[in-house]
Amino acid sequence: MAIDTPATIVILGAGPVAIETALYARFLGYEVRLIERGEIGQSMRQWGHVRMFSPFSMNSSPLGLSALAAQDSERSLPEKDAILTANEFLDQYLVPLATSDLLSGSILTQHEVIAVGRQQLLKREAVGSSQRSETGFEVLVRNHERHEQVIQADIVIDCTGTFDHTNHVGSSGIPAIGEFESRAQIEYRLPDILGNDRERYAAKQTLVIGSGYSAATNVCLLGKLAAESLETHATWITRGETSQDDQAEPSGPMSRIADDLLTERDHLAQQANYLASSDDAHVTHWSKTTIEKIHYDAQGDHFQVTLSGEHAGTHTFDRVIANVGYRPDLSLYRELQVHQCFASEGPMKLAAKLLGESSINCLDQTSHGAESLMTSEPNFYILGSKSYGRSSQFLISVGLDQIRELFSVIGDRAELNLYAPVVLPE
Ligand SMILES: Cc1cc2nc3c(=O)[nH]c(=O)nc-3n(C[C@H](O)[C@H](O)[C@H](O)COP(=O)(O)OP(=O)(O)OC[C@H]3O[C@@H](n4cnc5c(N)ncnc54)[C@H](O)[C@@H]3O)c2cc1C
């Protein structure tokens, strides 16, 4: 059933997908409120020094570009094929968009969403009844002074991503022994190894855990740091075998994607494999090795780490970087009736489509149609990286497809596409 303007849409988060969703909704005439726990693009700020692997044309929408041009015709925008760092993307595109006249009054930063519920309805009530779609939502938010308020909404779109919640380092997914106690000292994300965090890693022995692009990024940065600060060393452990792809020259922990169109990504995988397999004294790679125990010794400012597998034994490291993936925060919608996937923790319909895919190339991801975005809670949607649950295959370009498809359902206009190029009559 269409929800007509001027209904109120509350969007959780203010990352790239949330900002683009808000813009689309504002163009259609909806009342919009975005609620962000930090600043605009808070998750991306945490890896602001890292170069994105998708070009600017894939990370921006026609609507966003028009809104910026309308706001300031003198503004110079990045080239379509520019490969920006996350900070450059924020400075040159996302923040100007968020602070444009269309959106600036709609965003509440420094407010955390605590929970979403249905007005006057408990989770176990009105199961399968139209009563749920006829009732609005209540969103509990809290600011930094711990002041709480409830915001009402007709539609809620959760775009809070997954970056705030990391997986554990234990080989079965549970925390390794001692991990909880050492958590504050373990780095789970992407420190600015060549910039603000240089002193923390220079001339130190660092353990890097994981086989994804975040781990590869950190290993390459540590390799660069070692070229300047010779005592720097990284031990990189991965659970799997060293990849033996035909194309992978040299072979290493990163599976390279054949003819990868995202050249920056392929370059990263290649460079990380080179460091892992070469005789470079600054990087050692141990495959088929996992974490059993981890203990941070505050007096010595170092970790005792017990490993299992091919390199079983107890070792001392100054620093530990665990790039073991991210997971969605399910607590936000615990009071709603959202059916989620037992494997990925993504919303069920989309998760079922994604589970059927085997490609490791996120460029192969396309949107899966408007129907896959419907949840079992009417008028509650999950877009952006959170919609992929624990999968790391999400790209902003997929989020833009999701936005277009979702609003064709909300407005009940199958052909609605505000991103379509304008074709002038001959
Ligand atoms: C190192 C790295 C490189 C990447 N490179 C690329 C790339 O080149 N191209 C690409 O398309 N993707 C890339 N990605 C994936 C990228 O992170 C996502 O595509 C993009 O950030 C997803 O946007 P999002 O809006 O869904 O989520 P996010 O960017 O994670 O935004 C979520 C927002 O919600 C806020 N939030 C969270 N919880 C709450 C709460 N309870 N209350 C209020 N606010 C909350 C967060 O602070 C954040 O601002 C990369 C990821 C990493 C880690």
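Note that ligands are numbered from 1 as they come in the structure, with each ligand's atoms numbered from 1 the same way. Excluded from the calculations below are hydrogen atoms, water molecules and symmetry mates; all remaining heavy atoms, backbone and side chain alike, are included.
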How far is [atom] from its nearest protein heavy atom, and which residue and atom name does that atom have?
| atom | result |
| --- | --- |
| atom 42 (N) of ligand 1 | V113 N, 2.8 Å |
| atom 8 (O) of ligand 1 | F53 N, 2.7 Å |
| atom 7 (C) of ligand 1 | S54 OG, 3.4 Å |
| atom 47 (O) of ligand 1 | E36 OE2, 2.7 Å |
| atom 31 (O) of ligand 1 | G15 CA, 3.5 Å |
| atom 11 (O) of ligand 1 | I396 N, 2.8 Å |
| atom 12 (N) of ligand 1 | L395 CD2, 4.0 Å |
| atom 25 (O) of ligand 1 | V17 N, 3.1 Å |

Do [X] and ligand 1 have an N or O pair less than 3.5 Å apart?
| X | value |
| --- | --- |
| R37 | yes |
| L12 | no |
| E112 | no |
| T162 | no |
| L332 | no |

Under 4.5 Å between any side-chain heavy atoms of [X] and [Y], yes or no?
| X | Y | result |
| --- | --- | --- |
| Y333 | L330 | yes |
| L395 | Y388 | no |
| Y296 | D301 | yes |

Are the aromatic ring centres of F163 and Y326 under 6.0 angstrom apart?
->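 Ring centroids of F163 and Y326 are less than 6.0 Å from each other.
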
Just say parallel, tilted or perpendicular for the rings of Y30 and F407, cut-offs at 30° and 60°.
->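 If you compare the ring of Y30 with that of F407, the planes turn out tilted.
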
Between R142 and E112, does at least one N-O distance fall below 4.0 Å, as a salt bridge requires?
->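 Answer for the salt bridge query: no.
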
In terms of side-chain geometry, is the basic nitrogen of E371 or K349 positioned less than 4.0 Å from the acidic oxygen of its partner?
->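 A salt bridge is present here (some side-chain N lies under 4.0 Å from a carboxylate O).
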
If you count the atoms of ligand 1 from 1 in the order shown, which ones are under 4.0 Å from a heavy atom of [X]?
| X | value |
| --- | --- |
| L190 | 1 (C) |
| Q42 | 47 (O), 49 (O) |
| G161 | 27 (O), 30 (O), 32 (C) |
| H111 | 43 (C) |

Taking the side chain from [X] and the backbone from [Y], do they hold a donor-acceptor pair closer than 3.5 Å?
| X | Y | value |
| --- | --- | --- |
| N143 | H111 | no |
| W236 | G210 | yes |
| R118 | T135 | yes |
| E31 | S106 | no |

Is [X] touching ligand 1 with its side chain, its backbone, both, or neither, if touching means heavy atoms under 4.0 Å apart?
| X | answer |
| --- | --- |
| C159 | backbone |
| I35 | backbone |
| D164 | side chain |

Residue [X] excluded, over 12 heavy atoms near [atom1] under 6.0 Å:
| X | atom1 | result |
| --- | --- | --- |
| K123 | NZ | yes |
| H267 | NE2 | no |
| L122 | CG | yes |

Tell me which one of [options] gets a heavy atom nearest to [atom].
| atom | options | value |
| --- | --- | --- |
| atom 24 (P) of ligand 1 | S43, S214, S385 | S385 |
| atom 17 (O) of ligand 1 | F394, F163, Y388, W47 | W47 |
| atom 23 (O) of ligand 1 | G384, G48, P16 | P16 |

